[in-house]
Amino acid sequence: MFNRRKFLQSSVFSSLSMAFGKKVLAGDPGAGHLVTGNPIVISTWDEGLAANKGAWEILGYNGRALDAVEAGVRVTEASLNCCVGLGANPDRDGIVTLDACIMDEFANCGSVAFLERIKHPISVARRVMEKTPHVMLVGVGAQEFALSEGFPLEKQKLSEDAQRTYEQWLKKSEYKPVINIENSKAGHGPFAPAQFDNGQWNHDTIGMVAMDAMGNLSGSCTTSGMGFKMRGRVGDSPIIGAGLFVDNEVGAATATGQGEDVIRICGTHAVVELMRQGHSPEQACKKAVERIIKVKGEKAKGIQVGFLALNKRGEVGAFAIQKGFSYALKSNTEEKMVQVGSWY
Ligand code: SD4
């Protein structure tokens with residue numbers, strides 16, 4: 001029988017789909033629900049698969065991209081076996097310091113840097129965005145703000161991986177980047193080969209951008225930064241326009257790799273501006289990589305930077321300096337890892 005409730009549901013649904021001018025699609029087959037529009041989420045490295053699933057809990061129910069990108073990277077921040085968050089590699093004094101930022105479809109943004117003993121820096125960044133007149137809080141001030149917002153002060157507890165690696169690193173205390181250390185097959189997590197036990201310098205991050213069923217974009221980026229960095233060092237990840245940038249008219253981009261060289265060219269802002277000029281997401285990422293190559297010359301051989309971008313049409317692209325960068329993608333129809341093209 002066609003009752004009033006069903007009628008309301010179906011008319012809301014069809015007017016939503018008409019309003020967006022998009023087909024109503026069957027949602028994630030496993031989840032057994034319907035979504036409108038064509039939501040999509042992409043995030044950096046292997047850890048992106050689990051993070052995208054977290055984001056899909058929101059995107060798959062017609063939720064807002066902003067909520068999705070926060071929820072998604074919280075999965076990674078909470079995973080002690082992983083690269084991001086409190087179990088990650090410490091600075092050279094043995095202390096884990098975290099950086100994160102978030103940006104929504106209205107160009108609202110919030111960021112924290114050099115933050116200690118807080119489990120979810122991305123959520124603190126969101127509170128900075130929503131509850132303060134500022135964009136960025138750092139160090140003790142960021143921690144005090146987090147506590148005032150009810151975030152608990154955690155004990156620092158390095159993961160076994162991080163403890164072992166730090167002890168190894170202390171033997172030589174060498175600053176030597178390991179390219180693609182974020183990739184579990186290359187070096188991190190339970191599959192870490194011996195190379196990772198050398199205690200080499202490395203960096204750990206997840207960047208995520210998403211478009212929701214309304215066609216709105218948001219992004220998030222969270223990291224423990226470079227392992228064994230100088231105390232007080234902040235990379236690109238919490239810097240709007242470097243590690244993350246969103247322009248709801250054009251697209252969104254995030255970055256991973258050696259933050260100093262992303263900051264040098266305002267990397268993700270450059271990617272979004274290149275998309276605005278008409279370049280595809282992949283072309284835009286490639287052109288941004290070219291800028292780093294131009295600035296760094298031969299020295300670019302020793303570093304990794306990868307860009308990942310999504311445009312307003314839902315097209316995705318990425319490019320990196322070195323082979324080995326990968327990203328995770330989830331949409332109504334796909335869930336996969338993608339290997340990225342590279343300069344070298
Ligand atoms: C940083 N860009 O702190 C970050 C590190 C990173 O994958 O992306 N690692 O420089």
Side-chain angles (χ1 to χ4, degrees), residues 43-45 47-48 73 76-77 83-85 88-92 95-103 109 111-116 121-122 125 135-136 138-139 142 175-183 187-188 200-209 219-245 252-272 285 288-289 291-296 299-309 318-322 324-325 327 340 342-343:
S43 51
T44 55
W45 304 108
E47 298 296 331
V73 303
T76 325
E77 287 179 342
C83 41
V84 173
N89 285 323
D91 66 14
R92 71 181 186 186
I95 299 163
V96 175
T97 70
L98 304 173
D99 304 334
C101 74
I102 193 160
M103 189 164 189
C109 41
S111 158
V112 288
F114 193 40
L115 176 63
E116 292 174 15
I122 196 64
V135 167
M136 195 163 190
V138 305
Y175 286 97
K176 196 171 164 200
V178 177
I179 286 165
N180 300 330
I181 196 76
E182 302 85 347
N183 186 336
H188 215 305
Q200 290 166 305
W201 199 34
N202 58 75
H203 27 185
D204 302 300
T205 300
I206 183 162
M208 173 180 279
V209 295
S220 59
C221 190
T222 181
T223 189
S224 56
M226 277 171 185
F228 324 128
K229 60 198 171 188
M230 285 178 69
R231 185 136 179 83
R233 181 265 185 190
V234 171
D236 60 315
S237 302
I239 297 178
I240 298 296
L244 176 74
F245 195 68
T254 188
T256 183
Q258 185 141 305
E260 282 73 3
D261 295 309
V262 178
I263 294 172
R264 240 179 267 291
I265 63 150
C266 290
T268 55
H269 183 261
V271 171
V272 171
C285 292
V289 163
R291 285 191 191 175
I292 297 178
I293 303 283
K294 202 167 170 195
V295 170
K296 298 284 289 188
K299 285 191 192 145
K301 286 195 174 137
I303 58 160
Q304 173 66 306
V305 168
F307 293 109
L308 173 61
F319 203 78
I321 296 179
Q322 312 284 346
F325 175 39
Y327 68 87
V340 172
S342 59
W343 185 265

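What you are looking at is a predicted structure, and each value in this text was computed from that prediction instead of being measured.
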Candidate pair Thr256 and Phe307, rule side chain to side chain contact (heavy atoms under 4.5 Å, CB included), full reasoning: CA-CA 7 Å; Thr256 183; Phe307 293 109; over 6 Å; no
Where do Ser220 and Val73 come nearest, in terms of heavy atoms and distance? OG-CG1, 3.2 Å
Would Arg233 and Glu260 count as a salt bridge (Lys or Arg N to Asp or Glu O under 4.0 Å) if you check the C-alpha gap in whole Å, the side-chain angles of each, and the deciding distance to 0.1 Å? CA-CA 10 Å; Arg233 181 265 185 190; Glu260 282 73 3; 2.8 Å; yes
Reference residue Arg92; test side-chain contact (heavy atoms from CB on, under 4.5 Å); the match among Lys229, Met230, Arg231: Met230
When you look at Thr254 and Thr44, which way does the side chain to side chain contact (heavy atoms under 4.5 Å, CB included) test go after all the steps? CA-CA 8 Å; Thr254 188; Thr44 55; 4.1 Å; yes
Centroid-centroid distance, Trp343 to Phe319, less than 6.0 Å: no
Is the side chain of Ser111 donor-acceptor paired with the backbone N or O of Pro238 at a distance under 3.5 Å, no angle test? yes
Between the main-chain N or O of Gly241 and the side-chain N or O of Thr268, is there a donor-acceptor pair closer than 3.5 Å? yes
Interatomic distance, CG@Leu244 vs CE@Met103, rounded to 0.5 Å, equals 7.0 Å
Sub-4.5 Å side-chain heavy-atom contact between Gln258 and Met226: yes
How long is the straight-line distance from CD1 of Ile122 back to OG of Ser237, given to the nearest 0.5 Å? 10.0 Å
Within the 4.5 Å heavy-atom criterion, are Val289 and Ile292 side-chain neighbours or not? no
Quick one: are Ile321 and Ile293 in side-chain contact, heavy atoms under 4.5 Å? yes
Compare all side-chain heavy atoms of Pro121 with those of Glu77 and state whether any distance is below 4.5 angstrom. yes
Taking the side chain from Glu116 and the backbone from Leu98, do they hold a donor-acceptor pair closer than 3.5 Å? no
Thr76 and Glu47: side chain donor to acceptor below 3.5 Å: no
Where is the tightest heavy-atom contact between Asp236 and Gly257, given as atom of each residue plus distance? OD1-O, 4.4 Å
Pair Phe245, Ile240 - check side chain to side chain contact (heavy atoms under 4.5 Å, CB included), show working. CA-CA 6 Å; Phe245 195 68; Ile240 298 296; 3.9 Å; yes
CD1 (Ile239) and SG (Cys109) are apart, to the nearest 0.5 Å, by 12.5 Å
Residue pair Val112, Asp99: steps toward the side chain to side chain contact (heavy atoms under 4.5 Å, CB included) verdict: CA-CA 6 Å; Val112 288; Asp99 304 334; over 6 Å; no
Tell me whether Gln304 contacts the main-chain N or O of Gln322 through its side chain, where contact means a donor paired with an acceptor under 3.5 Å. yes
What are the two closest non-hydrogen atoms of Thr205 and Ala255, and how far apart are they? CG2-O, 4.5 Å
Salt-bridge criterion met for Asp261 and Lys296 (N-O under 4.0 Å): yes
Spell out, as yes or no, whether a donor-acceptor pair under 3.5 Å connects the side chain of Thr97 to the backbone of Phe114. no
Would you say Thr223's side chain and Asp204's backbone share a donor-acceptor pair under 3.5 angstrom? yes
pair Phe228-Asp91: side-chain heavy atoms closer than 4.5 Å: no
What's the spacing between Phe325 CZ and Cys285 SG if we round to 0.5 Å? 8.0 Å
Interatomic distance, CD1@Ile102 vs SG@Cys221, rounded to 0.5 Å, equals 11.0 Å
Does the side chain of Tyr327 reach to within under 4.5 Å of the side chain of Ser43, using non-hydrogen atoms? no
